[in-house]
Amino acid sequence: MRTENISKLSDKQLAAFLKKNSLSLTVQEARSIVKKLSRDPTMTELHIFNIQWSEHSSYKSSRPILKMLPTEASNVILGPKEDSGIVFLTEHRGERYGIVMSHESHNHPSQVVPFEGAATGIGGIMRDVLCMGADIIATADPLRFGNTFGENKNRTRYVANEVVNGIAGYGNPVGIPVLAGDLYFDDSFDDNCLVNVVCLGLVKEKDIIHSYAPENAVGYDVIVVGKATDNSGFGGASFASLTLDEQAKESNRGAVQVPDPFLKNMLLRATAQVFKEVRKDNIPVGFKDMGAGGIMCATSELGSAAGFGIELIIDDIHTAFEMDPWVTACSETQERFTWVVPPSFTSKLLRIYNEDFALPEIAEKAQAKVIGKITRNPDYRLWYKDELVCDAPIMEVTSGVTYRRKAKAPKRTFKESKLRDIDLDKAFLSMLSHPNICSRHHIYEHYDTSVIGRTVFPPGKADAGLLAPLPGSKVGVALSTDAVPRYGKIDPYWAGINAVAEAMRNVACIGAKPVAMTDCLNFGNPEKPQYFWEFVQAVKGISHAARKIGKPFSKEPIPFISGNVSFYNESSKGSSVAPSPVIACLGIMDDYKKAITPGLKKEGSGLILIGKRNNELGGSVFYHLHGELGKNVPKPVLKEERGKMEFVIEAIDKGLLLSCHDISDGGLACCLAEMAIMGGLGVDVSLPNGELASLLFSESPGYVIEVDSKKMMAVKRMLQERGLWHHNLGKTCRDDFMIKGLRNQPVANLKEAWQNSLKEAMS
Amino acid sequence: MKVAVIQFPGTNCERETAYALRKCRLPADIIRWNKNEGLEKYDGYVLPGGWSYEDRIRAGIIAARDPIMQVIKEQAALGKPVLGICNGCQMLVENGLVPGWKKEVQLGVAPNINQAMPGFYCRWVLVRVNSRKTAFTSQLRKMIIPMPIAHAEGRFVSKEKGLFERLGKQLVFQYCNRVGEIDETVNGSALGAAGICNPEGNVLAMMPHPERATFGFQLGRPGLLPASKIFVSMRKYIEGRG
């Protein structure tokens, strides 16, 4: 065994050695490897710990904080332990079905090489969902870009367009529909965009496959499937755990993976065939996605999670070309998986991939290949050219490290704006064409939203996307993603609360019950106490909202079943992006035919506002438009949020509402405008008493519902019984948009402002 | 009675296409490109959407020359129905089965031209039905039917002057507005061409996706959607052949 003699080096020499070998381990961390192994490490071992102890792989800063989140509830089949979480969906023809859900980020790669970065983000999350034994059914894309009219507009527009092209260029060929997503532009993302992705899958509870070796697996084969390993994405995990240094960008390009949606398409189909065989003969298996840390990470976790060791022969891994053993073991080449199967099943598995689906014929050197065995000794051993290059206790390889980071509230004060004395009519139209409010069709029409044939509401049709996931069943699955960046700038705690509340509201608006959440927490450098404080505050807010709003119609919190943390999102000048706790909410409907959209349906029906308008313009689009940030972010009363939400869901279930829309970006005025534009009808409304700008544009949480006059009594009774604040806004009408306090105008005017502004902002 | 839904490397609509066929009481098997023994026993063939062979060179062109396509050509010549959807449409154009006048390629499917939305474009469109005298349209009762499109290359083109005008009833589907007026702006296709068949009417190449416009929920409506009748027509045609 050839070891690196690092214990003899001084701290300074060791630091230089680590730098020279592109290892981002600290000197202390390197020394602790020597202690753990009771000897000097090999170069391969150094690279392994370098990846496993990175923030990206070990969650070393975030893990203690994430414990605050509720993860358990009666409907959780699998919490945040493996590649994806699973929540109970329904029972259909005697079988229990679950929805698999995962949430990831690919922020840094997307900033550096936007097309490939965004595409491989989609590719990675699809593997996370597939490897639970699931059928992938949808994705969603929460995106945050810089100011496309600001200093950095050319680069920002390039990044935004290429990210959209990357998502389309990957998801469309694989054949997975985009169901939801959200999009914000803000200066703080000029140098560091956020590209998050959510993926859903469908699986029978009894068919779930786990990311660990099965029982009694000693002697089982370890099989790598997919693309030939190359050096692409080597160091990706540690790359994601550093800030983006402008100068280092060139050298970072190699850390971004190369997407191959064509091969992925084939791998999904061949793997579905393997699932069939596994289920037919009840074969005990383990299956895992290869993501961060490549073969090393996947195989070590498959072994350690089941208490076994692993022995691999690196020379047996199919590679694109000759590489150092640590590169082969750790590179993040896309489109690969690891199986652990009994040797009696190996030949069948190899035949499905290599002959039936002919991987080697359709993509150069792609194949399924045995590379090692599960061992009884709990060690992680890698052989290369007949020499041991890694021999470490497997638990040490996978257990990671934890840091207690300092959190300190920054000293900053926010002032509420005095901005009132302006032309509100003009402001209203500008808000409708604001990139954070206007129609998103310019983006989602590039995505295949109808492939698989199960889409009920594609993006843009309603407040949440809706799928009919199970052929032959009426059950519907709803999805929404949310987080307002400018709330995060003022108060990350309330940003967390609002993200949870809005994601849930959006799901409720179509009539679905929120049942589970995932989060992707995008923050700055956790080593800087003020940014770590922002992170902690946001998690507190999320956790509080998830418990206090809770899962509707139950006494339980709404559970987080999967999630991701992305730190080091900063500008080249070292300031963090707007704290962005992005929340995805999954909803379920017993009958998707009952779902409703926000577009107004009928002339002469009643419009009711639910939820008081408060002086909460802080972080609003109204202020954004006028270059202000403000102070008073919306502060939802969580008990009321729950009451309103349960009312909306029940009223829709009883068929009492014609349409429903959540009040968020742009406040009540923009909410009504969107309902009018989407429905092609006008409104004639008067507002409650109060100050006009707040009434129109404050983003205090709430709903507007459209009710047929015949059902008005029943709806009002329900609202009164529940003690929910509401106000009769007025009626729907033919073509004109009439709000007392604003100039009357045809809905067509509003549509013109709203419809095509995103294209102008992006091209 | 059974039809084969052909899966090439990169095809991605085979499952929902087979599902829609079965729900229209037309039993369907998914057949891999490299497993073509017994293929001639099927009563009809569907080439579904996707990115066959990664759309290398040009969409559909490699699949159009795949050995399995020879079998389908022979069976089409016997009068069996062959339906190409999206990428399958591109294949039928690339191997000359459509328009099928001479034994050569006369049409192409080129990148969309749409000022508002360059590149891949996915949305619901309206399509006008021009002929009921094909294996796929005999049961269509509506004149104008909704279907989604999802493609980057869907613009029918030809080097031959006046070819589209000479298609006549072979121009089965055209993009249109609510009152049935031809819409050439969807993807820039000549005469708004959305679907073209061979002179016999048993081979149809169409860009819109009927399998995504079969069930009411796909458009928020009750029951089955009009495009389901494309599959029902195919079944009736096969039944009629005995």
Side-chain angles (χ1 to χ4, degrees), chain A residues 135 161 164-165 168-169 171-178 260-266 268-270 272-273 355-359 361-363 441-442 444-458 460-462 466-468 471-472 474 476 592-593 595-597 755-756 759 763, chain B residues 7-20 22-23 30 32-35 48-56 59 62 86-87 112 114-124 147-152 208-223 225 227:
Chain A
D135 201 358
N161 281 300
V164 170
N165 289 339
N172 295 352
V174 175
I176 305 299
V178 173
D260 188 345
F262 171 67
L263 179 56
K264 179 61 104 337
N265 169 310
M266 292 303 284
L268 296 189
R269 281 155 174 78
Q273 189 59 41
E355 292 168 38
D356 296 352
F357 285 82
L359 293 188
E361 285 171 37
I362 60 165
H441 79 97
H442 176 68
Y444 58 68
E445 284 182 350
H446 282 306
Y447 302 152
D448 197 333
T449 51
S450 52
V451 64
I452 303 188
R454 301 184 200 172
T455 307
V456 182
F457 292 168
K461 177 104 175 183
L466 180 64
L467 274 184
K474 280 193 240 168
Y592 57 71
K593 290 194 187 98
I596 62 171
T597 59
Q755 185 73 8
N756 293 314
K759 194 181 171 208
S763 49
Chain B
Q7 177 188 13
F8 292 96
T11 295
N12 67 18
C13 301
E14 74 281 7
R15 287 178 308 174
E16 58 265 38
T17 303
Y19 182 74
R22 288 171 197 145
K23 287 289 154 182
I30 295 171
R32 271 197 318 275
W33 79 102
N34 57 359
K35 189 181 158 249
W51 264 251
S52 60
Y53 291 97
E54 214 176 356
D55 278 359
R56 290 172 203 156
I62 300 178
C86 200
N87 196 225
N112 299 346
N114 179 326
Q115 291 302 332
M117 190 62 60
F120 187 92
Y121 188 36
C122 174
R123 58 168 276 211
W124 283 81
M147 279 184 275
I149 54 164
H151 59 250
H209 286 270
E211 80 280 10
R212 304 183 192 182
T214 294
F215 307 103
F217 74 79
Q218 292 168 322
L219 198 52
R221 291 182 191 171
L225 297 178

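Quick note on labels: first sequence line is chain A, next is B, and so on, each numbered from 1. Note that the structure is a prediction, hence the values are computed from the model and not measured.
Remark: B:F8 CZ to A:I362 CD1 distance equals 13.5 Å, nearest 0.5 Å. Once rounded to the nearest 0.5 Å, the distance linking CZ of B:F120 with NE2 of A:H446 reads 10.5 Å. Interatomic distance, OG of A:S450 versus NE2 of B:H209, reported as 6.5 Å (0.5 Å rounding). Here the CG-CG distance, from B:N34 to A:D356, works out to 7.5 Å after rounding to the nearest 0.5 Å. Note that the CD atom of B:Q7 and the CZ atom of A:F357 stand 5.5 Å from one another [nearest 0.5 Å]. Annotation: the span from B:L219 atom CG to A:K461 atom NZ amounts to 6.0 Å, rounded to 0.5 Å.
With hydrogens and angles disregarded, no donor-acceptor distance shorter than 3.5 Å links the side chain of A:E445 to the backbone of B:R123. With hydrogens and angles disregarded, a donor-acceptor distance shorter than 3.5 Å links the side chain of B:N12 to the backbone of A:N172.
Tested against A:D448 for a side chain to side chain contact (heavy atoms under 4.5 Å, CB included), the candidates B:P148, B:C13, B:C122 yield a single pass: B:C122.
Contact of A:E361 with chain B is not made at all, since no heavy-atom distance falls under 4.5 Å. In this structure, chain A has no heavy atom under 4.5 Å from any part of B:W124. Heavy atoms of A:K593 lying under 4.5 Å from chain B are absent altogether. Looking at A:N756, there are no atoms closer than 4.5 Å to chain B (heavy atoms on both sides), in backbone or side chain.
Between chain B and the options A:N165, A:L268, A:V456, A:T597, the largest number of non-hydrogen pairs under 4.5 Å is found for A:V456. Of the listed residues (A:Y447, A:Y444, A:F262), the greatest number of heavy-atom pairs within a distance under 4.5 Å of chain B belongs to A:F262. Comparing A:S763, A:P471, A:A168, A:P261 by how many heavy-atom pairs each has under 4.5 Å with chain B, the most go to A:P471. Between chain A and the options B:T214, B:T11, B:D55, heavy-atom pairs under 4.5 Å are most frequent for B:T11.
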Show the numbers, then the answer: is there a side-chain contact (heavy atoms from CB on, under 4.5 Å) between B:F217 and A:K474? CA-CA 10 Å; B:F217 74 79; A:K474 280 193 240 168; over 6 Å; no
Could you go through B:R212 and A:I452, starting from their C-alpha distance and side-chain angles, then the distance that decides it, and tell me whether this counts as side-chain contact (heavy atoms from CB on, under 4.5 Å)? CA-CA 8 Å; B:R212 304 183 192 182; A:I452 303 188; over 6 Å; no
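Between A:P173 and B:W51, the shortest heavy-atom distance links the atoms CA-CE3, 3.4 Å. Nearest heavy atoms, A:A358 versus B:W33: CB-CZ2, 4.0 Å.
Between B:E14 and A:R269, at least one side-chain nitrogen of the basic residue sits less than 4.0 Å from a carboxylate oxygen of the acidic one, meeting the salt-bridge criterion.
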